[in-house]
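Below: one structure, written as structure tokens.
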Amino acid sequence: MQLVLEKRVERSGTIALVSPLIAVGLTILTMVILFAILGKNPLLALHAYFIAPLTDGYSLQEIAVKATPLVMIAIGLSLCYLANAWNIGAEGQFLIGAVAGSWVAVKTQGTDAGAWVLPAMLVLAAAAGALYALIPAICKVKFGASEILTSLMLVYVADLFLDYLVRGPWRDPQGFNFPTTAEFDPVATVPLLIEGGRLHLGSIIALLVVAAAAILLGRTIKGFEIRVVGAAPRAARFGGFNANQLIILTFAVSGALAGLAGIIEVAGPIGHLQPGISPGYGFTAIIVAFLGRLNPVGILIAGLFLALTFIGGEQAQIAMKIPLDVTKVFQGILLFYVLACDSLILYRFKLVFPNRQVSRGAG
Amino acid sequence: MQAHQRMLDPTPNGQHSGDSPLLRTIGLTKRYGDFLANDAIDIDIWPSEIHALLGENGAGKSTLVKAIYGLIQPSAGEIRWQGQRIVLSGPSEARCLGIGMVFQHFSLFDNLTVAENVALGLDGKESFKDMSARLEQVSKTYGLPLDPRREVWQLSVGERQRIEIVRALMQDPKFLILDEPTAVLTPQEADQLFIVLERLKAEGRAILYISHKLEEVKRLCDTATILRGGRKVETCNPRRETAASLARMMVGGEIKEVKAASGRKTTVPRLVVDDLSLAPADAHGVRLEHISFELKGGEILGIAGVAGNGQDELFAALSGERLAKDPGTVVIEGIAAGHLSITQRRRLGAAFVPEERLGHGTAPRMKLSENALLTGHAASGMVRRGFIDTAATLKAVDRATETFDVRKAKRDPEAASLSGGNLQKFIVGREILRSPAVLVVNQPTWGVDAGAAAVIRQALLDLATAGAAVLVTSQDLDELAEIADRIAVMFHGRLSAPLAASEASREKLGLLMGGSSLEPKEAAHAAGA
């Protein structure tokens with residue numbers, strides 16, 4: 001008996017929808033084994049991870065807050081990945097956006113600057129994120145440098161640059177030497193949607209981004225170009241689409257969205273610039289993009305799910321003393337299964353029974 | 001002849017092994033869901049026999065040979081090899097038995113060299129160096145020259161096929177399956193191949209030969225099995241049949257003959273190429289040198305030539321996939337277009353059909369409607385203010401389907417799910433229905449069955465009759481003779497002066513294709529400074 005992968009005539013639409021669910025199922029199964037090895041009750045752990053956060057209003061808001069940057073970044077990344085441009089550095093673009101936007105907040109601190117401050121921060125953050133993403137894109141187009149490596153390396157540059165700023169020039173004089181800026185003024189803060197709650201305007205922006213991406217990919221010629229360049233580069237050239245232009249465009253858009261997510265995070269839930277503003281949103285968003293099948297609506301759902309694991313991870317740490325790093329293990333295993341299950345879209349498993357031995361060398 | 005007699009013997013099984021067929025299928029059936037791709041097919045292949053397998057696209061030829069080669073499992077029936085029942089779990093088992101196959105669609109890795117590709121198909125017991133030497137030896141012996149060190153992506157279709165044939169021959173098969181091997185060869189190359197096949201036959205090997213070229217089958221094959229709609233229609237001696245009677249059995253009716261409307265009038269020049277030279281895109285590509293021709297409305301110019309002599313480069317330069325330095329070297333509808341993109345050239349009224357259907361002419365995993373948009377976005381009203389008119393793209397698919405009889409499982413399937421002939425009809429239809437002023441077609445009927453080929457050629461003629469200028473690059477001289485008004489030959493990146501179709505004998509064209517010039521002063525340097 002032999003298990004073989006057989007190519008499908010046409011890609012399976014059903015499997016395309018079901019494959020992320022299979023991946024989630026397999027991940028949970030693996031986690032159960034992992035919890036058991038750690039000596040924790042798997043059922044209680046799963047409850048802490050996936051059920052408990054859904055049962056109170058505060059956690060629900062927190063899930064939306066966590067999902068906001070994940071979804072915004074993942075939407076941008078999905079455009080890159082569809083166009084076969086591999087932006088791995090969203091984390092860096094997120095940080096640079098946060099820095100650029102914070103510059104406005106820091107410079108207007110304590111002045112009577114008006115309502116223009118927050119919009120200026122958002123625009124500047126998006127522009128800075130886009131410019132930062134253009135570095136690997138241009139290196140790729142002009143010199144053929146691998147965008148995977150360059151974009152990834154620029155993450156560490158951004159990380160250290162932020163570190164320098166909050167420890168040096170931008171440090172809050174009244175901050176007891178902590179590496180942080182002063183709390184942003186109200187005009188430099190993303191407004192809350194619910195008084196006294198956690199949910200903020202950024203979540204609305206994320207929903208708008210999802211809708212815009214759905215229209216771009218489904219209805220416009222530009223979205224079509226992005227998809228063809230990734231799916232069949234030679235046919236795309238025959239169609240008159242310029243792959244290099246699209247690398248530049250998708251990198252710029254994804255950088256802008258990551259930068260925007262960065263400033264929304266800093267000017268929203270956090271309220272000031274400090275090191276560690278991201279628990280790896282830029283990397284987790286890669287998982288979100290693939291778990292969501294590079295589809296805007298899928299990404300929205302996947303973003304909420306991954307946010308749930310962040311919140312659930314915290315709950316599990318508090319309630320059951322399960323290390324927070326298990327959340328990252330969970331996310332890694334999930335990406336692994338998602339990519340593995342994707343092969344089922346183009347292939348199917350088949351059992352082959354050779355019911356009789358082949359005669360060899362008979363002649 | 002003798003083989004044919006033996007085939008009629010009802011009890012070959014009871015005899016000793018020398019008199020039993022090398023391979024026989026009994027009631028071989030393959031079912032895909034409700035669809036019977038092969039319906040109880042009996043076929044006997046004898047040693048020292050060249051056996052033709054004839055049939056339209058979708059008749060079940062590919063399914064049958066895939067089952068024999070172990071690529072698919074039959075749903076019912078059996079395969080016997082030298083009298084013993086076999087169940088093949090895969091092609092490697094078939095190769096172990098001595099069954100080799102040369103596919104119509106090549107299974108080569110583009111980024112590997114010729115030798116590496118061949119090594120992948122062998123069992124790997126000999127060293128790479130020995131294998132390379134043997135590869136060169138085999139390719140020389142059989143007159144199929146190959147440089148083992150070149151990477152596949154730089155090779156032409158004809159050269160790629162040579163790799164496949166040589167790879168199969170290196171396994172010393174007792175039985176060789178060839179799927180439309182001459183589709184990409186010149187007459188001389190085909191003759192060369194026939195010598196190879198005759199020799200293999202004389203060595204006692206059996207050959208199953210799939211082809212649409214009936215004259216070729218009559219000339220080469222001892223036996224022919226004809227399939228239609230998944231069933232065997234007949235096994236006969238093709239030499240006793242006429243091409244017309246074979247075609248009737250294949251189609252189950254008469255084939256429409258391609259007819260040119262008489263008295264086609266040529267009008268103004270619509271495509272002018274003036275001293276076009278272009279450096280190759282990569283080190284192994286062909287340099288285009290001083291190519292000039294003028295093509296008027298109502299006229300079909302054929303470009304003959306062995307694959308890999310600059311046809312692809314010329315197509316890229318004409319389509320705008322590669323840009324010329326001097327805008328005036330390519331003039332479309334009176335406008336210098338050498339510097340314009342493919343989209344801008346389409347807007348001038350040009351349309352293009354490349355050689356490769358999957359991956360170049362279409363995005364394989366995208367729907368037909370999206371593939372209609374691929375070239376239609378330039379000038380067909382499918383895009384308004386950046387937004388796609390999905391209804392318009394679907395309508396384009398429906399129109400191509402109706403006009404060109406494209407057969408497919410549903411209204412808007414993925415391109416890759418169509419058979420070669422149907423996909424080619426779709427692609428040609430997609431371009432022609434845009435009513436182009438200039439149509440540039442590369443290998444319009446490569447690997448396409450007789451019925452679809454006739455439809456496509458007729459469409460090209462009708463387009464010219466309607467006043468368009470049509471440039472057809474083809475390695476099929478019969479095709480060019482059938483539709484072209486003038487024929488020029490490409491050799492080493494140069495284009496000969498066009499000959500009137502009436503003067504272009506196979507001999508003359510064959511000489512030009514081999515690099516000789518007819519009248520050295522005129523032909524070879526017709527376009528020279």
Side-chain angles (χ1 to χ4, degrees), chain A residues 1-13 16 82-84 212 214-245 249 342 345-348 350-363, chain B residues 17 22 32 47 70 72-73 81-90 93-94 96-98 174 316 319-322 341-346 352 354 356 358-366 370-371 373-378 382-390 409-410 413-417:
Chain A
M1 196 180 75
Q2 222 182 344
L3 193 63
V4 294
L5 272 180
E6 189 182 70
K7 195 157 192 174
R8 294 175 191 272
V9 181
E10 193 159 345
R11 51 182 298 146
S12 165
L82 283 170
N84 245 344
I215 292 169
L216 173 76
L217 288 174
R219 317 270 339 152
T220 70
I221 188 74
K222 206 37 110 183
F224 178 70
E225 285 180 33
I226 290 171
R227 289 187 293 128
V228 186
V229 161
R234 195 154 172 233
R237 205 177 329 135
F238 178 65
F241 308 144
N242 184 331
N244 282 346
Q245 248 175 37
L249 176 79
D342 269 7
I345 297 169
L346 287 179
Y347 297 86
R348 65 172 148 232
K350 205 180 152 191
L351 282 174
V352 179
F353 302 92
N355 30 11
R356 247 181 82 178
Q357 200 54 44
V358 179
S359 55
R360 282 168 205 267
Chain B
S17 71
L22 184 62
Y32 290 106
I72 54 173
Q73 305 295 317
W81 176 253
Q82 295 177 326
Q84 278 189 295
R85 183 170 177 200
I86 53 166
V87 176
L88 298 168
S89 69
E93 241 170 56
C96 280
L97 291 174
K174 294 192 187 75
S319 67
E321 286 174 300
R322 290 197 60 212
S341 71
I342 187 166
T343 301
Q344 288 166 313
R345 292 182 201 201
R346 287 195 176 109
F352 311 95
E356 285 286 341
L358 289 171
H360 193 182
T362 63
R365 290 286 169 191
M366 290 191 143
E370 294 176 300
N371 277 302
L373 180 65
L374 183 69
T375 61
H377 71 89
M382 290 179 184
V383 179
R384 265 184 247 120
R385 294 163 186 254
F387 282 84
I388 299 163
D389 184 346
T390 316
K410 51 184 181 185
E414 282 176 11
S417 72

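Convention: sequence-line order gives letters A, B, ...; per-chain numbering from 1.
Contacts between B:L358 and chain A at a heavy-atom distance below 4.5 Å are absent for every atom of the residue. When heavy atoms are compared at a cutoff of 4.5 Å, B:T375 approaches chain A solely by way of its side chain, counted from C-beta outward. Of the atoms belonging to B:R346, it is side-chain heavy atoms, and not backbone ones, that fall under 4.5 Å from chain A. Using a 4.5 Å cut-off between heavy atoms, A:L216 does not touch chain B at all. Looking at B:E370, both its backbone and its side chain come within 4.5 Å of chain A, counting heavy atoms on both sides.
The two residues B:I388 and A:T220 have their closest heavy-atom pair at CD1-O, 3.2 Å.
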Would you sort out whether B:H377 and A:E225 count as a side-chain contact (heavy atoms from CB on, under 4.5 Å), showing the intermediate values? CA-CA 10 Å; B:H377 71 89; A:E225 285 180 33; 5.8 Å; no
Identify all side-chain donor-acceptor contacts of residues 228-245 of chain A below 3.5 Å with residues at least two apart in sequence or on another chain.
unit_1 : atom_1 : unit_2 : atom_2 : d
A:R234 : NH2    : B:H360 : ND1    : 3.2
A:N242 : OD1    : A:N244 : N      : 2.9
A:N242 : OD1    : A:Q245 : N      : 3.2

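In the displayed structure, B:R322 atom CZ is contacted under 6.0 Å by more than 12 heavy atoms of other residues, nucleotides or ligands.
Looking at B:M382 and A:I221, their side chains never come closer than 4.5 Å, going by heavy atoms from C-beta outward.
Most heavy-atom pairs under 4.5 Å with chain A, from the set B:A363, B:G98, B:S341, B:G359: that is B:G359.
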